[in-house]
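Okay, so here's the structure we're looking at.
Note that the structure is predicted; figures quoted are calculated from it, not measured. Quick note on labels: first sequence line is chain A, next is B, and so on, each numbered from 1. Note that these values count all heavy atoms, side chains included, but never hydrogens, waters or copies made by symmetry.
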Protein chains: 2
Amino acid sequence: MEMIDEIDLKILRILQVDAKRTAKEIAESLHMTASPVYERIKRLEKRGFIKKYVALLNKKQLGKHVSAICMVSLRYHNEGFIDTFEKQIKELKEVQECYHMAGKVDFFLKIHLKSLEGYHEFVRTKLSKIDNIGVLESYFVLKEISHGTEFDI
Amino acid sequence: MEMIDEIDLKILRILQVDAKRTAKEIAESLHMTASPVYERIKRLEKRGFIKKYVALLNKKQLGKHVSAICMVSLRYHNEGFIDTFEKQIKELKEVQECYHMAGKVDFFLKIHLKSLEGYHEFVRTKLSKIDNIGVLESYFVLKEISHGTEFDI
DNA sequence: GATGAAAAATCCACTTT
DNA sequence: AAAGTGGATTTTTCATC
């Protein structure tokens, strides 16, 4: 796989902030014409640098008033138990993100729900059904200081 | 502000997974024509349900091999100290996300860097310069089980 | 990387239901 | 009030230089 150059990086920096910018607009800000920029974008997509394009929604407006970060430690750590846990977590649509961590905590989960009561119900009826969970600690988001999807490239 | 209907929700569900779907394609899957779908999308943008469109990049391919979640507790919790901390954190481009939490930990940070050594440097030269930090605990991501941007709507 | 042209999508005014 | 029609404009896409 060949390397990426500074022009590609500039294109990526623009698109990860605003995917609606057209090849033509990007070309202008780079003092180029639309075609090479278009070809570069297609190449960046094909080579996997751009994974996908998504719309970011306003979660408050859509009724998700509570965000929580949940730290989970498993009781048993055999391969099978970890795989099972991962599969079960992926089924839960409330869990937007899940990371397997190094250290005394096994997993971090980011969860969005409509209310604290909804969170209670979620833990009661779904998380608690996953029976290999040893320790479960919930932290609630008071304020999102920053929550971008961009990387510093 | 008026309510959103089931058609709007369907449009949002599609766009938060794939923002490149055209109004025409979405219209087909909803058994409509392009115009009303187009108008609905514009309205959803205008009313703020859609915040923005972004390209999601492949961080590994772009050299971000280490992700960490950092738990920070402040030493002093006066209004001024918290505001200052928030401002200082926002300046750090390595910090992709930062949440002010309820509970014994004040902030969660999500940080991406190119290596463990880079993380060491980041903590040494940047985080440690923020002098109201009382406790700092770092957890490293071993595996991303799921890391979507979608909400369950 | 640029040019130019065909195909497709966006965008908007207008009509219909 | 919301969906359809049609058409001008812009963008995407691709062949060629």
Side-chain angles (χ1 to χ4, degrees), chain A residues 1-64 114 148-153, chain B residues 1-63 148-153:
Chain A
M1 166 144 324
E2 325 102 275
M3 261 312 288
I4 205 173
D5 68 8
E6 187 54 39
I7 295 174
D8 287 331
L9 278 178
K10 282 178 179 158
I11 293 171
L12 291 178
R13 283 189 201 113
I14 291 170
L15 290 177
Q16 74 170 339
V17 174
D18 180 8
K20 284 290 168 181
R21 294 281 287 279
T22 66
K24 198 181 161 195
E25 287 171 331
I26 296 170
E28 271 163 32
S29 61
L30 301 181
H31 307 290
M32 294 167 72
T33 55
S35 290
V37 170
Y38 169 78
E39 298 299 341
R40 280 169 179 272
I41 293 171
K42 289 301 134 185
R43 247 164 58 94
L44 289 166
E45 291 167 3
K46 203 148 292 169
R47 294 200 287 163
F49 288 96
I50 297 171
K51 283 196 297 190
K52 62 196 300 209
Y53 298 93
V54 301
L56 299 182
L57 308 185
N58 187 324
K59 64 167 178 281
K60 287 273 162 60
Q61 252 173 300
L62 291 160
K64 303 291 177 193
K114 72 172 201 292
T149 53
E150 309 108 64
F151 299 106
D152 167 46
I153 57 170
Chain B
M1 167 141 330
E2 326 101 275
M3 261 312 288
I4 205 174
D5 67 8
E6 187 55 39
I7 295 174
D8 287 332
L9 279 178
K10 282 177 179 160
I11 292 171
L12 292 177
R13 284 188 200 114
I14 291 170
L15 289 177
Q16 73 170 340
V17 174
D18 180 8
K20 285 290 166 180
R21 295 280 288 279
T22 66
K24 198 181 162 194
E25 288 171 332
I26 296 170
E28 271 163 31
S29 61
L30 300 182
H31 307 290
M32 295 168 71
T33 55
S35 290
V37 171
Y38 170 78
E39 297 300 340
R40 279 168 179 271
I41 293 171
K42 289 301 133 186
R43 247 164 59 94
L44 289 166
E45 291 168 2
K46 202 148 292 168
R47 294 199 287 164
F49 288 95
I50 296 173
K51 283 196 298 190
K52 62 195 300 209
Y53 298 93
V54 301
L56 299 181
L57 308 184
N58 185 324
K59 64 168 178 281
K60 287 272 161 59
Q61 252 174 300
L62 290 161
T149 53
E150 308 108 65
F151 299 106
D152 167 46
I153 56 169

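Heavy atoms only, all atoms of each residue included: B:Ala19 and A:Ala55 are closest at CB-N, 3.7 Å. The two residues B:Ile153 and B:Arg13 make their nearest non-hydrogen contact at O-NE, 2.7 Å. A:Leu15 and A:Ile26 get closest at one heavy-atom pair: CD2-CD1, 3.8 Å. Between A:Asn58 and B:Gly48, the closest heavy-atom pair is CB-O, 3.1 Å. The two residues A:Ala23 and A:Ala34 make their nearest non-hydrogen contact at CB-O, 4.0 Å. Minimum interatomic distance between A:Arg47 and B:Gln61 (heavy atoms only, all atoms of both residues): O-NE2, 2.7 Å.
Contact annotation: the side chain of A:Val17 approaches that of A:Glu150 to within less than 4.5 Å [non-hydrogen atoms, C-beta and beyond]. Counting only heavy atoms from C-beta outward, the side chains of A:Ile4 and A:Leu12 approach each other to under 4.5 Å.
Salt bridge status for B:Asp5 with B:Lys10: absent, with no side-chain N to carboxylate O gap under 4.0 Å. Between B:Glu45 and A:Lys20, none of the side-chain N atoms (NZ, or NE/NH1/NH2) sits under 4.0 Å from a carboxylate O, so this pair counts as no salt bridge.
At a threshold of 4.0 angstrom between heavy atoms, the contacts of A:Ile7 are confined to the sugar-phosphate backbone, with no base atom among them.
Here A:Lys24 contributes atom NZ and A:Tyr38 contributes atom OH; the two are 16.0 Å apart, rounded to the nearest 0.5 Å. Separation of atoms CG (B:Leu62) and CD (A:Gln16) is listed at 8.0 Å; rounding is to 0.5 Å. Note that CG of A:Leu30 is 9.0 Å distant from CZ of A:Arg40, once rounded to the nearest 0.5 Å.
Interface limits on DNA chain D: the 5'-most and 3'-most nucleotides within less than 4.0 Å of chain A heavy atoms are D:dT11 to D:dC14.
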Any protein N or O atoms within reach of nucleotides 11-13 of chain C? Criterion: under 3.5 Å, listing atom names and distances.
| from | atom 1 | to | atom 2 | distance (Å) |
| --- | --- | --- | --- | --- |
| C:dC11 | OP2 | B:Tyr38 | OH | 3.2 |
| C:dC11 | OP2 | B:Lys42 | NZ | 3.1 |
| C:dC11 | O5' | B:Tyr38 | OH | 2.6 |
| C:dC12 | N4 | B:Ser35 | OG | 3.3 |

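A side-chain contact (heavy atoms from CB on, under 4.5 Å) with B:Ile11 holds for exactly one of B:Leu9, B:Ile7, B:Ile14; it is B:Ile7.
Within a heavy-atom distance below 4.0 Å of DNA chain C, no residue of residues 11-19 of chain B is found. Listed by residue number, A:Thr22, A:Ala23, A:Lys24 are the residues of residues 20-33 of chain A with a heavy-atom contact under 4.0 Å to DNA chain D.
The end-to-end axis angle of the helix from C:dG1-D:dC17 to C:dT17-D:dA1, rounded to 10 degrees and based on five pairs per end, is 30°.
Judged as a salt bridge (charged side-chain N to carboxylate O under 4.0 Å, His left out), the pairs with a partner in residues 54-63 of chain A (not counting sequence neighbours) are, in order, A:Lys59-A:Glu144.
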